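Contents: one structure, followed by commentary.
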Amino acid sequence: MGWLITKYLLTAAVIVAASEVAKRSDKLGALIVALPLVTIMAMIWLHIEKQPMETIANHAWYTFWYVMPTLPMFLIFPTLLHRFGFWPALLISAVITIICFGIFAAIVKAFGINLIP
């Protein structure tokens with residue numbers, strides 16, 4: 001149980017630190033968030049917990065494919081934010097991301113990459 005709490009605290013600290021940096025520098029905050037810190041931490045946790053290499057490798061592989069359809073949100077959200085405000089822009093961006101994911105998953109499935117379990 002202590003290990004689980006440690007993982008929660010360290011992971012949360014990274015997110016809080018990124019948001020605090022973003023308050024002072026939007027570019028540096030964005031850079032920190034754009035780094036795959038959560039993925040790296042997840043792979044470290046998997047390794048420490050002695051998960052098979054196959055599991056860790058699959059985690060990295062699928063993370064790549066899951067990130068790609070989320071990228072349009074970062075281009076669409078700023079425009080929607082100015083037009084609709086924060087919450088509607090966030091909701092619309094999330095819906096667009098889900099649609100992009102569905103389309104992307106269908107496209108890559110034709111190449112043997114199954115993203116939807």
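These figures come from a predicted structure and were not determined experimentally.
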- [ ] Indicate the atoms forming the closest heavy-atom contact of P69 with C100, along with that distance.
- [x]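 Closest pair (atom of P69, atom of C100, distance): O-CB, 3.5 Å.
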TODO: Taking all non-hydrogen atoms of both residues into account, name the closest pair between V21 and G29 and its distance.
DONE: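 Scanning both residues completely, I find the closest heavy atoms to be CG1-N, 3.8 Å.
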In Å, rounded to the nearest 0.5 Å, how long is the span from [atom1] of [X] to [atom2] of [Y]?
| X | Y | atom1 | atom2 | result |
| --- | --- | --- | --- | --- |
| Y62 | N114 | OH | CG | 7.0 Å |
| I107 | M68 | CD1 | CE | 10.0 Å |
| T63 | N58 | OG1 | CG | 10.0 Å |
| T11 | I44 | OG1 | CD1 | 9.5 Å |
| I76 | M73 | CD1 | CE | 9.0 Å |
| Q51 | I56 | CD | CD1 | 7.5 Å |

Task: More than 12 heavy atoms from other groups under 6.0 Å of NE2 on H47 - done: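 It does not: H47 NE2 has 12 such atoms or fewer within range.
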- [ ] Only counting residues at least two apart or in another chain, list the ones meeting salt bridge (Lys or Arg N to Asp or Glu O under 4.0 Å) with E54.
- [x]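 E54 satisfies salt bridge (Lys or Arg N to Asp or Glu O under 4.0 Å) with no other residue.
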Open item on the list: Please enumerate all residues that pass salt bridge (Lys or Arg N to Asp or Glu O under 4.0 Å) together with R24, with sequence neighbours excluded.
Closed with: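 Checked R24 against salt bridge (Lys or Arg N to Asp or Glu O under 4.0 Å); matches are E20.
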Identify whether [X] and [Y] are in the same connected component of the hydrophobic contact network (ILVMFWY, side-chain heavy atoms under 4.5 Å).
| X | Y | result |
| --- | --- | --- |
| V95 | I103 | yes |
| I32 | I15 | no |
| L75 | L80 | no |
| I113 | I116 | yes |
| W3 | M41 | yes |

Let me check something: any side-chain donor-acceptor pairs from residues 82-93 under 3.5 Å, sequence neighbours excluded? List them with distances.
{"unit_1": "S93", "atom_1": "OG", "unit_2": "A89", "atom_2": "O", "d": "2.8"}

Open item on the list: Looking at Y66 and F101, would you say the former's side chain and the latter's main chain have a donor-acceptor pair under 3.5 Å?
Closed with: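 The answer is no, because no donor-acceptor pair under 3.5 Å joins these two groups.
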Task: Student check: side-chain heavy atoms of V14 and V38 closer than 4.5 Å - done: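 Counting from C-beta outward, V14 and V38 never come under 4.5 Å.
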